[in-house]
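Encoded as structure tokens, the structure appears first; notes follow it.
The sequence lines fix the lettering, A, B, ..., with proteins before strands; numbering per chain opens at 1. Keep in mind that what you see is a predicted model, and the values were worked out from it rather than measured.
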4 protein chains.
Amino acid sequence: MPAKQRGRPRSPRAHEAILRAAAELVVAGGYERLTMEAIAARAGVGKQTVYRRWPSKSAVVAEAALSGHLVPAGREPADTGDVVTDLRDWLRAAAAWLAEPGGAAVIRALAAAASDRDTDSARLYEQFTGPFHAALVARLAAGVAEGRLRAGAELGAVADALVGALLYRALAHTAPMTADDADALVDVLLSGLDTGIPAD
Amino acid sequence: MPAKQRGRPRSPRAHEAILRAAAELVVAGGYERLTMEAIAARAGVGKQTVYRRWPSKSAVVAEAALSGHLVPAGREPADTGDVVTDLRDWLRAAAAWLAEPGGAAVIRALAAAASDRDTDSARLYEQFTGPFHAALVARLAAGVAEGRLRAGAELGAVADALVGALLYRALAHTAPMTADDADALVDVLLSGLDTGIPAD
Amino acid sequence: MPAKQRGRPRSPRAHEAILRAAAELVVAGGYERLTMEAIAARAGVGKQTVYRRWPSKSAVVAEAALSGHLVPAGREPADTGDVVTDLRDWLRAAAAWLAEPGGAAVIRALAAAASDRDTDSARLYEQFTGPFHAALVARLAAGVAEGRLRAGAELGAVADALVGALLYRALAHTAPMTADDADALVDVLLSGLDTGIPAD
Amino acid sequence: MPAKQRGRPRSPRAHEAILRAAAELVVAGGYERLTMEAIAARAGVGKQTVYRRWPSKSAVVAEAALSGHLVPAGREPADTGDVVTDLRDWLRAAAAWLAEPGGAAVIRALAAAASDRDTDSARLYEQFTGPFHAALVARLAAGVAEGRLRAGAELGAVADALVGALLYRALAHTAPMTADDADALVDVLLSGLDTGIPAD
DNA sequence: TGCTAACCGAGACGGTACGTCCTGTCTTCCC
DNA sequence: GGGAAGACAGGACGTACCGTCTCGGTTAGCA
């Protein structure tokens with residue numbers, strides 16, 4: 001029995017306004033330049049109203065990310081029946097999003113938020129990258145079922161490689177991943193490197 | 001002719017003490033909790049002495065990382081002649097280091113430092129992960145030359161996948177990469193997923 | 001016709017609890033540390049219930065003082081027929097009360113409350129010190145009628161001097177007024193300073 | 001040996017600017033409306049620079065008062081040789097100052113500052129009213145020496161009565177003391193009330 | 001040997017943001 | 001309609017750091 005509700009209920013408007021403000025500010029200025037005061041001010045809300053809901057900047061950002069304010073949800077690979085094409089298309093789309101300034105800002109903000117000591121960064125990554133990872137594994141498994149991909153491979157490792165490479169290129173931002181890079185990565189993962197010739 | 005050195009030379013003791021202090025503090029408390037004042041205090045140095053050398057916190061951390069205060073330098077893959085074994089060993093060793101608390105702390109600090117708007121994060125990543133990436137590509141190229149790996153694959157993409165997967169698992173830290181995970185990843189990259197059977 | 005009472009009548013229990021809480025808190029912590037939230041909490045009452053009755057902290061304190069929660073009411077000088085003794089006794093008693101920690105705390109709280117810009121401090125002082133002042137004047141007038149005190153003196157000025165000296169010693173609290181101080185003050189006011197010898 | 005001076009010395013300009021700002025703001029808005037942030041802002045100074053010197057609002061106000069920023073120093077009674085006239089003139093002048101809005105504001109601010117739990121209010125009153133009190137006693141003693149005032153009276157009590165009556169009228173501010181009130185008070189103190197006729 | 005420049009530790013400076021506390025108002029459910 | 005509870009916008013609190021500055025005091029090369 002969850003302690004009967006007493007007093008004025010928390011305003012959903014304020015809740016929403018805070019997350020929206022945080023998302024806008026983090027895209028505009030990056031995580032380091034983001035301040036709780038600015039979030040509250042832009043949301044038209046007292047600071048206490050922010051702190052009543054989240055204990056820290058990183059928690060607000062995490063919630064904004066998880067609730068879809070920072071990134072449009074639903075980026076699972078399609079299933080056209082051709083797993084190779086689906087994989088390629090998904091990776092190209094993801095790379096394109098991360099090549100935009102907004103996408104990169106989100107990823108970098110997430111990495112910074114996750115570095116905060118008091119953030120449940122496992123949960124953050126799990127909820128943010130987890131769906132992609134899981135959807136990738138599912139699509140790959142379907143590809144195996146189709147007979148298009150070989151059985152026995154560790155599909156989780158493949159998803160790690162795909163998500164990890166995207167993340168790495170986005171964070172390092174020497175140069176974001178291009179469509180060609182994406183295709184090359186898919187090619188390697190499909191064809192492998194082994195020539196079958198054993199070492200001497 | 002670079003303006004002959006005049007006045008008191010900068011103290012190498014102070015230089016070293018600052019980097020050591022920064023490294024210790026970042027491992028102990030994470031990047032977010034790190035402050036320039038604490039670095040200076042722990043190094044027994046005035047703040048100006050820090051700012052005279054580096055313009056920002058992230059620059060100090062970057063230097064600490066690059067100069068081997070945060071991470072033991074020299075982790076290139078060995079060349080035993082067997083590229084598969086070398087790759088596996090390197091990935092296992094890297095995964096093991098990142099599974100330690102210290103290793104994870106360093107990576108997370110680096111990610112946070114790189115998220116600083118005013119950091120040359122490209123340079124940071126390049127200098128930090130670059131050598132590994134380059135060494136991997138070189139070792140892979142040698143493997144191709146040996147005839148052990150097929151020619152024509154985009155080796156940079158392979159290195160991206162390896163480094164990225166490590167990074168992803170370390171940052172997400174749901175569970176750090178195990179030796180088995182490492183082996184599975186190498187296996188996939190070597191053997192590929194493709195059965196050679198085209199889509200319907 | 002005074003708008004017939006509608007709805008639930010105001011709780012006298014709450015009223016009383018608020019004043020008692022305010023009195024206790026002001027004695028315990030002084031006026032500056034007193035907060036409306038603490039008053040409401042200690043009274044077991046919602047803040048609105050306080051604000052419904054009084055518009056400000058100083059008003060609550062004023063009411064607490066005036067209603068006898070802060071100071072026992074009824075300290076007028078006695079009338080034994082001997083105005084000198086009565087005056088001395090009254091002043092000694094007042095000085096003794098102000099020498100206690102509680103008494104001093106009340107006076108200091110009152111002074112602070114009266115300093116609030118939006119307090120009707122004239123009313124506060126009038127209601128708090130006014131009765132004493134008036135009773136003193138009355139007792140002095142009776143002394144004049146008795147023939148014990150000379151006519152023609154400005155009795156209000158005498159009362160000002162008595163009340164003012166008490167207040168001053170209490171607020172300054174270098175040392176509260178002693179019985180001897182009280183006697184000396186009465187002595188001066190009765191005997192005067194003038195020798196009757198004019199200035200050169 | 002007072003610990004050799006190290007680091008940048010504290011700015012006398014800032015010190016002075018803070019006290020001036022505090023004095024202006026307290027006269028303008030009263031003690032309750034005074035904030036540390038406003039003091040710092042008006043002084044063109046960081047808040048820390050205020051807190052580095054004084055621990056609280058009341059301490060700043062106390063210092064401003066004691067250093068003559070709130071009240072022009074030097075209000076001792078003159079010595080024309082005629083103690084009665086001197087006393088009357090002094091009391092009239094003091095009453096006139098307290099009747100002005102500025103004077104009243106200062107006294108009320110002082111009373112409020114002295115009510116702060118953590119203020120050394122004894123020192124505040126002693127240094128603020130003490131000089132007047134002492135000068136009054138001195139002038140009265142000179143009057144005794146002149147033969148104009150009777151010996152044997154407790155001159156401290158007389159000064160208490162004068163200062164106290166002024167303070168009381170200023171704080172209560174039902175009506176500030178007028179010149180006539182001042183004259184009446186001096187008259188009573190000089191002539192006394194006693195008719196010499198004993199009680200029945 | 002003395003001059004001058006750049007360094008050194010220390011710590012104050014004007015600022016910004018922090019996270020907490022309180023104000024006076026409001027909104028809910030309950031009597 | 002009053003009452004207890006508690007959220008609301010607002011704003012001051014006192015603290016912690018930022019990056020800069022100003023002290024007295026080294027420590028070097030150059031005169």
task: Would you mind telling me which of E:dC8, E:dG24, F:dC18 lies closest to the side-chain atoms of C:Met36?
output: E:dG24
- prompt: Just to confirm, is there a sub-4.0 Å distance from OP1 or OP2 of E:dC13 to any side-chain nitrogen or oxygen of D:Arg52?
  reply: yes
message: Without decimals, in angstroms, what is the distance between A:Glu32 CD and E:dA17 P?
response: 13 Å
statement: Taking E:dA17, E:dG24, F:dG3 as options, the one with an atom nearest any side-chain atom of A:Thr35 is E:dA17
field: Most 5' of C:Pro12 and A:Arg10 on DNA chain F, judged by nearest nucleotide
entry: C:Pro12
Inter-residue atom distance D:Leu34.CG - D:Ile39.CD1, 0.5 Å rounding: 4.0 Å
message: Please find the pair of heavy atoms, one from A:Ala105 and one from A:Val26, that lie closest to each other, and give the distance.
response: CB-O, 4.4 Å
query: Are A:His15 and A:Arg10 close enough that a side-chain donor and a side-chain acceptor fall under 3.5 Å?
result: no
query: Of all heavy-atom pairs between C:Val61 and C:Tyr31, which one has the smallest distance, and what is that distance?
result: CG2-CE1, 3.7 Å
message: Assuming nearest nucleotide by heavy-atom distance, tell me which of C:Glu37 and D:Ser11 is located more 5' along DNA chain E.
response: D:Ser11
Please enumerate all protein N or O atoms sitting under 3.5 Å from an N or O of nucleotides 21-24 of chain F, with distances to 0.1 Å.
{"unit_1": "F:dC21", "atom_1": "O2", "unit_2": "D:Arg8", "atom_2": "NH1", "d": "3.2"}
{"unit_1": "F:dC21", "atom_1": "N4", "unit_2": "B:Gln48", "atom_2": "NE2", "d": "2.5"}

task: Please state how far atom CZ in B:Arg33 lies from atom C1' in F:dA16, giving the value in whole angstrom units.
output: 14 Å
task: Starting from C1' on F:dG19, measure out to CD1 on B:Ile39 and report it in whole angstrom.
output: 14 Å
task: Kindly say if D:Thr49 contacts the phosphate of E:dG14, meaning a side-chain N or O under 4.0 Å from OP1 or OP2.
output: yes
query: Between atom OH in D:Tyr51 and atom C1' in E:dG14, what is the gap in whole Å?
result: 16 Å
- line: On a heavy-atom basis, the closest approach of D:Pro9 and D:Gln5 is CB-NE2, 3.1 Å
field: Length of the NZ-C1' vector between B:Lys57 and F:dA16, whole Å
entry: 13 Å
field: Residue whose closest nucleotide on DNA chain E lies nearer the 5' end, C:Leu34 versus D:His15
entry: D:His15
message: side chain to side chain donor-acceptor pair (under 3.5 Å) for C:His69 and C:Glu24? Distances and angles first, verdict last.
response: CA-CA 9 Å; C:His69 284 83; C:Glu24 290 167 355; over 6 Å; no
message: Categorize A:Arg53 for me: base, sugar-phosphate, or nothing, with a 4.0 angstrom heavy-atom threshold over every strand shown.
response: sugar-phosphate
query: Do you know which two heavy atoms are closest between D:Arg108 and D:Leu171, and how far apart they sit?
result: NH1-O, 2.9 Å
